[in-house]
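Worksheet for the structure shown next.
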Amino acid sequence: MSEGEKPTKKIFKAVDTQTFAVVGHIELDRIDLQNRSGTVSRVLVGEASLRGQGIGTQMVKKLLLFGFEELKLHRISIGVFDFNIAGVSCYEKVGFVKEGYFRDAYKVGDKYWSYYVMSILESEWKSSDI
């Protein structure tokens, strides 16, 4: 549910302020107000030519601001495939900490994919310079 009094998901798009073109997408999913937690999902900077310019970092920062300030969450997590080096770097840059590593967790074709679970706590976010 992405609307209503107690949504479990919030969906956002990133828009270029000059062209008004949609350049990215990000979601805050599994919002649990009782436990004050949520999960970042479906982070995407659309055009390959726009990647590496900090758009993803800006989207994640805005989502954390919304999660911690508006929703008063305590913990926000994310799962990221280990081969997504840019994603791992982006999340670490804004304060996420690796909590675990799930080896060969998904079978895709003939290969297995592994991923990290990362999180950031409200206190870590408040004490950062981000």
Side-chain angles (χ1 to χ4, degrees):
M1 177 171 72
S2 62
E3 296 181 13
E5 191 174 311
K6 292 186 181 180
T8 57
K9 177 187 293 194
K10 286 291 201 175
I11 303 168
F12 302 93
K13 60 184 174 184
V15 177
D16 182 305
T17 57
Q18 294 179 351
T19 66
F20 301 104
V22 175
V23 296
H25 173 97
I26 191 168
E27 297 180 16
L28 183 58
D29 200 2
R30 294 185 222 139
I31 298 170
D32 180 341
L33 297 178
Q34 179 177 342
N35 290 304
R36 297 180 55 212
S37 65
T39 301
V40 179
S41 64
R42 295 176 183 86
V43 181
L44 173 70
V45 175
E47 295 292 325
S49 63
L50 297 174
R51 296 179 189 151
Q53 298 181 26
I55 294 170
T57 300
Q58 288 179 349
M59 292 186 333
V60 174
K61 285 179 179 180
K62 293 284 188 181
L63 185 97
L64 294 177
L65 179 69
F66 175 79
F68 290 128
E69 292 292 320
E70 297 294 322
L71 297 180
K72 306 296 185 205
L73 298 181
H74 172 71
R75 179 181 189 277
I76 298 176
S77 64
I78 191 166
V80 58
F81 290 113
D82 62 354
F83 58 80
N84 184 354
I85 306 301
V88 172
S89 175
C90 169
Y91 307 135
E92 287 179 327
K93 187 186 321 180
V94 299
F96 280 84
V97 175
K98 290 177 183 169
E99 294 183 326
Y101 185 65
F102 290 78
R103 300 175 304 150
D104 291 354
Y106 290 96
K107 188 170 191 291
V108 180
D110 292 335
K111 297 186 178 194
Y112 286 92
W113 291 5
S114 302
Y115 71 97
Y116 295 104
V117 172
M118 304 174 77
S119 74
I120 183 170
L121 302 178
E122 178 184 22
S123 59
E124 296 165 336
W125 177 75
K126 283 184 176 180
S127 67
S128 73
D129 292 336
I130 298 168

> Going only through I, L, V, M, F, W and Y residues with side-chain contacts under 4.5 Å, is there a path from V23 to M59?
Replying inline: yes
> Is any side-chain heavy atom of W125 closer than 4.5 Å to a side-chain heavy atom of I76?
Replying inline: no
> Listed by chain and number, what are the side chain to side chain contact (heavy atoms under 4.5 Å, CB included) partners of E99, not counting sequence neighbours?
Replying inline: R75, V117, S119
>> Check whether T39 reaches the backbone of I78 with its side chain - one donor and one acceptor, N or O, closer than 3.5 Å.
In response: no
> Between C90 and T57, what is the shortest heavy-atom contact and its length?
Replying inline: SG-OG1, 3.5 Å
>> Could you tell me if the side chain of V88 sits less than 4.5 Å from the side chain of D82, heavy atoms only?
In response: no
>> For a quick test of reading the model, state the closest non-hydrogen atom pair linking D29 to S41 and the distance between them.
In response: CB-OG, 3.5 Å
>> So for atom OH, which belongs to Y112, do other residues, nucleotides or ligands contribute more than 12 heavy atoms lying within a distance under 6.0 Å?
In response: no
>> Once you measure the plane-to-plane angle for Y106 and Y115, does it fall in the parallel (<30°), tilted (30-60°) or perpendicular (>60°) bin?
In response: tilted
> Just wondering, do F96 and V40 contact through their side chains at under 4.5 Å, heavy atoms?
Replying inline: yes
>> Is any side-chain heavy atom of L65 closer than 4.5 Å to one of K61?
In response: no
>> Show, in sequence, the C-alpha distance, side-chain angles and deciding distance for F12 and F66, and conclude whether the ring-ring contact (aromatic ring centres under 6.0 Å, His included) test is met.
In response: CA-CA 11 Å; F12 302 93; F66 175 79; 5.3 Å; yes
>> Can you confirm whether K111 is buried at NZ, in the sense that more than 12 heavy atoms of other residues, nucleotides or ligands lie under 6.0 Å from that atom?
In response: no
> Looking at side-chain heavy atoms only, is the closest gap between K9 and R42 below 4.5 Å?
Replying inline: yes
>> Counting C-beta onward and ignoring hydrogens, is there a side-chain heavy-atom pair between L63 and V43 closer than 4.5 Å?
In response: no
> Is a side-chain donor or acceptor of K107 paired with a backbone partner of G109 at a separation under 3.5 angstrom?
Replying inline: yes
>> If the condition is side chain to side chain contact (heavy atoms under 4.5 Å, CB included), which residues does A21 pass it with, not counting sequence neighbours?
In response: T19
> Less than 4.0 Å between a side-chain N and a carboxylate O, is that true for E122 and K72?
Replying inline: no
